Amino acid sequence: MGIFDFLKKKGEDTAAATEGPESRESEGRQMLRRIRIHLNEDFRDNQESEEDIKAFSMILEKEVGKYMERKRQEQMSGDAMPLFYVSGDCMRAYACILPPFNEGKDMEPERFLEEMHYEGVVSGVDEEAVRELTETKTCLRVVQIARGEYPEDGVDGMLEELYEHRYAQKPELEEEEMLAGYDFRKKNLFQIIREGDVLCRIIPPVPMKPGFDVSGAPLQGKEGTSAPVPQGKYTRVSEDGLSLQAEISGIVVMEGENFSIRSQRVLEQDIDAGVGNLKFDGDIYIRGTVKEGVTVEATGNVMIQGDVENGRILSGGTICVQGDVKGTGKTQLKADGQIQCIIMENVTAVAGEDIYAGIIANSNVVSENGSVYAMMGRGLIFGNSVTAARSVYAKKIGNISGCTNRVTLGLETELERKKSSVNSELEEIDRTLEQIRKKVSTMQMSGKSHRYDTQDEYKTLLEQRNVYGELKREKFAELDTLTTAMRSMQTGSITCEEIFPVTNIQIEKQCITIEQKETDCQIRLEGGQIFLR
């Protein structure tokens with residue numbers, strides 16, 4: 001049953017109970033009808049108040065009955081009477097005024113406010129609605145006279161992060177990436193930042209806005225919480241607390257959930273003779289070109305955004321050149337890790353691990369413990385001496401000009417050369433040590449080792465003997481390393497889409513010469529012989 005049908009039924013039932021059968025229409029019934037008409041006009045589309053009105057109408061039904069009983073006692077007069085109702089959650093208050101009878105007094109604003117306050121309605125009062133009820137002598141109309149305010153929950157603080165979440169990564173490419181011809185420039189591993197730059201903006205929480213109900217009781221919402229600041233190593237929160245900044249220049253990495261800065265020298269310029277040679281303990285990132293005659297040396301990675309022109313790059317990690325490396329035979333790249341570049345031309349390049357390029361031309365290239373890949377872009381190797389401990393992968397080796405190419409797999413020959421060189425050094429060390437021992441022995445026998453005028457000379461000889469003794473131990477250790485490397489050496493294959501004459505192939509100690517163009521070939525050593533498939 002709808003609220004207004006409910007009111008209609010209640011009005012009819014009350015009229016039947018309060019009037020005699022002879023009455024055409026009782027006054028009580030008329031009052032309830034008037035109330036119902038106003039409710040229909042004022043609250044039809046107000047779903048929020050439906051339950052409130054239903055409850056208030058039941059109260060009104062009883063009060064109208066009491067009102068009619070009092071009025072039938074003609075000797076009594078009755079003043080206008082305000083009736084109040086407060087919703088169950090105490091957020092809305094309603095009023096309705098029953099008219100005076102037998103020369104009773106109309107409702108005065110002051111008395112209405114006093115009655116309203118006694119009923120506990122003190123906050124959120126709609127003064128216009130109260131004025132309408134009292135000043136215009138409006139009776140038998142239900143009016144919402146007060147409304148509380150619900151609290152507004154606070155808003156949690158947020159972070160506006162300006163850098164991606166990248167965990168500490170190395171620039172080295174994986175074998176799958178190199179075989180697929182992946183453009184290493186797209187890897188974009190490093191995020192460079194300068195001292196004082198903002199890592200993220202800190203948006204503070206919005207405070208909770210308290211509310212109240214019609215009785216004046218305060219209502220509390222949920223407070224917003226501050227966003228946890230991802231402050232890691234070499235970062236600081238600004239004085240106003242609104243940003244996280246870098247304390248040093250370097251690269252941005254994540255350590256757990258926090259931004260941290262890893263120390264790295266960043267140069268925003270070309271490196272030429274005016275700048276001079278660079279030496280740094282750590283990584284170097286150069287946002288320019290390395291010019292002729294300059295040496296860049298780092299214990300870590302060397303990242304160059306431009307080209308290398310007749311320079312020397314020495315790295316304890318990986319060398320990554322996003323441009324070209326071209327020279328006139330003076331350019332040198334040496335890395336304990338990988339070497340990566342677009343074009344390598346007229347270059348001497350030695351990498352402890354893999355070498356990766358789009359074009360390798362007229363260069364001497366050695367991968368001591370890895371492979372050489374020319375799979376990006378044109379994937380071309382020509383006019384080179386390429387040596388790899390394991391394998392060589394290329395789209396094309398040589399070209400139609402007939403240039404001579406030399407590809408060597410396995411470092412047996414190179415290791416034997418190094419062993420021979422180390423043995424020669426050991427022989428020279430032994431000769432020098434023998435000469436020092438003879439001098440020391442002569443001075444001891446002649447008593448010069450204790451004479452004041454020859455004591456410094458004697459101490460120098462002893463120091464030299466210790467130095468050469470230590471050097472000899474180092475050379476023996478180097479020989480052991482070379483011997484171990486030769487024993488563990490396992491060569492792979494030469495894989496290419498096209499190979500042109502004249503290409504000389506050496507795998508370990510076996511050699512062949514490619515004298516005609518071959519396609520889709522794999523060259524490997526099996527049973528002591530080189531096979532081309």
Side-chain angles (χ1 to χ4, degrees), residues 1-15 17-18 28-29 31-69 80-99 107 109 111-134 138-155 207-224:
M1 179 184 296
I3 179 61
F4 301 108
D5 294 332
F6 173 84
L7 290 173
K8 178 178 180 182
K9 183 177 183 304
K10 286 294 182 181
E12 292 173 350
D13 292 345
T14 302
T18 56
R29 185 174 180 178
M31 292 174 64
L32 289 174
R33 181 181 295 168
R34 286 181 60 187
I35 293 172
R36 185 172 67 253
I37 291 172
H38 291 312
L39 287 173
N40 190 50
E41 293 174 351
D42 298 338
F43 293 98
R44 174 167 292 279
D45 296 326
N46 193 336
Q47 294 181 355
E48 180 187 51
S49 298
E50 183 170 345
E51 291 299 321
D52 299 338
I53 297 304
K54 184 176 180 180
F56 195 17
S57 69
M58 296 177 69
I59 295 172
L60 290 173
E61 175 190 351
K62 295 178 181 179
E63 293 298 330
V64 167
K66 294 178 182 178
Y67 173 86
M68 296 305 300
E69 288 294 330
M81 181 175 66
L83 300 174
F84 298 95
Y85 176 78
V86 176
S87 63
D89 60 3
C90 212
M91 294 301 291
R92 295 169 300 279
Y94 305 85
C96 181
I97 298 176
L98 301 183
M107 179 59 60
R111 185 163 70 90
F112 181 88
L113 291 174
E114 184 179 12
E115 295 282 351
M116 181 182 71
H117 290 168
Y118 286 149
E119 292 294 333
V121 179
V122 295
S123 295
V125 175
D126 185 342
E127 296 179 358
E128 184 64 31
V130 172
R131 189 178 302 111
E132 179 184 352
L133 275 174
T134 57
T138 300
C139 294
L140 302 178
R141 188 161 193 164
V142 176
V143 175
Q144 183 172 309
I145 57 170
R147 183 181 185 88
E149 286 190 11
Y150 289 99
E152 294 181 11
D153 288 342
V155 179
M208 174 271 298
K209 182 179 179 181
F212 57 87
D213 63 20
V214 296
S215 72
L219 302 177
Q220 302 297 320
K222 180 182 176 182
E223 287 287 0

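In this text the structure is predicted, and so the values were computed from the model without any measurement.
- Put simply, the side chain of V130 does not reach to within 4.5 Å of the side chain of P109, judged on heavy atoms.
- Counting only heavy atoms from C-beta outward, the side chains of C96 and F84 never approach each other to under 4.5 Å.
- For K209, the salt bridge (Lys or Arg N to Asp or Glu O under 4.0 Å) test picks out no residue, with sequence neighbours left out.
- Shown here are the ring pair (Phe, Tyr, Trp, His ring centres under 6.0 Å) partners of F212, two or more places apart in sequence or in another chain: there are none.
- Evaluation of the side chain to side chain donor-acceptor pair (under 3.5 Å) rule for E51 yields no partner, not counting sequence neighbours.
- You'll find the side chain of F43 stays beyond 4.5 Å of the side chain of E50, heavy atoms only.
- Taking D89 as the reference, S87, Y150 meet the side chain to side chain donor-acceptor pair (under 3.5 Å) condition, with sequence neighbours excluded.
- In this structure, P82 and M116 have side chains that are not in contact, with every pair of non-hydrogen atoms separated by 4.5 Å or more.
- Here E69 does not pair with K66 in a salt bridge; the nearest charged N to carboxylate O distance is not below 4.0 Å.
- In terms of the side chain to side chain donor-acceptor pair (under 3.5 Å) criterion, E127 has no residue partners (sequence neighbours excluded).
- Between S215 and S123, the shortest heavy-atom distance links the atoms C-OG, 4.4 Å.
- Listed by chain and number, the residues in a side chain to side chain contact (heavy atoms under 4.5 Å, CB included) with V122 are H117 (sequence neighbours excluded).
- Listed here is the closest heavy atom pair of F112 and A95: CZ-CB, 3.8 Å.
- In this structure, M31 CE and E63 CD are separated by 10.5 Å, a value rounded to the nearest 0.5 Å.
- D52 meets the side chain to side chain donor-acceptor pair (under 3.5 Å) test with R92, Y94; sequence neighbours excluded.
- Note that CZ of F56 is 12.0 Å distant from OG of S49, once rounded to the nearest 0.5 Å.
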Listed pairs under 3.5 Å, donor-acceptor, residues 138-147 side chains, sequence neighbours left out:
unit_1 : atom_1 : unit_2 : atom_2 : d
T138   : OG1    : E132   : O      : 3.0
T138   : OG1    : T136   : OG1    : 2.6
R141   : NE     : D42    : OD2    : 2.9
R141   : NH2    : D42    : OD1    : 3.0
R141   : NH2    : D42    : OD2    : 3.4
R147   : NH1    : E48    : OE1    : 2.9
R147   : NH2    : E48    : OE1    : 3.2
R147   : NH2    : E48    : OE2    : 2.9

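- For E114, the side chain to side chain contact (heavy atoms under 4.5 Å, CB included) test picks out Y118, with sequence neighbours left out.
- D153 meets the side chain to side chain contact (heavy atoms under 4.5 Å, CB included) test with K222; sequence neighbours excluded.
- Using a 4.5 Å cut-off on side-chain heavy atoms (C-beta onward), L60 and L83 make contact.
- Every residue two or more places apart in sequence or in another chain that forms a side chain to side chain contact (heavy atoms under 4.5 Å, CB included) with P151 is listed here: L219.
- A 4.5 Å side-chain heavy-atom check between P210 and M208 finds at least one atom pair inside the cut-off.
- For the atom pair M81 CE and E115 CD, the distance stands at 10.0 Å (nearest 0.5 Å).
- In terms of the salt bridge (Lys or Arg N to Asp or Glu O under 4.0 Å) criterion, E149 has no residue partners (sequence neighbours excluded).
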Point to revise | Derivation of the side-chain contact (heavy atoms from CB on, under 4.5 Å) call for R111 and M107 | key: CA-CA 7 Å; R111 185 163 70 90; M107 179 59 60; 3.2 Å; yes

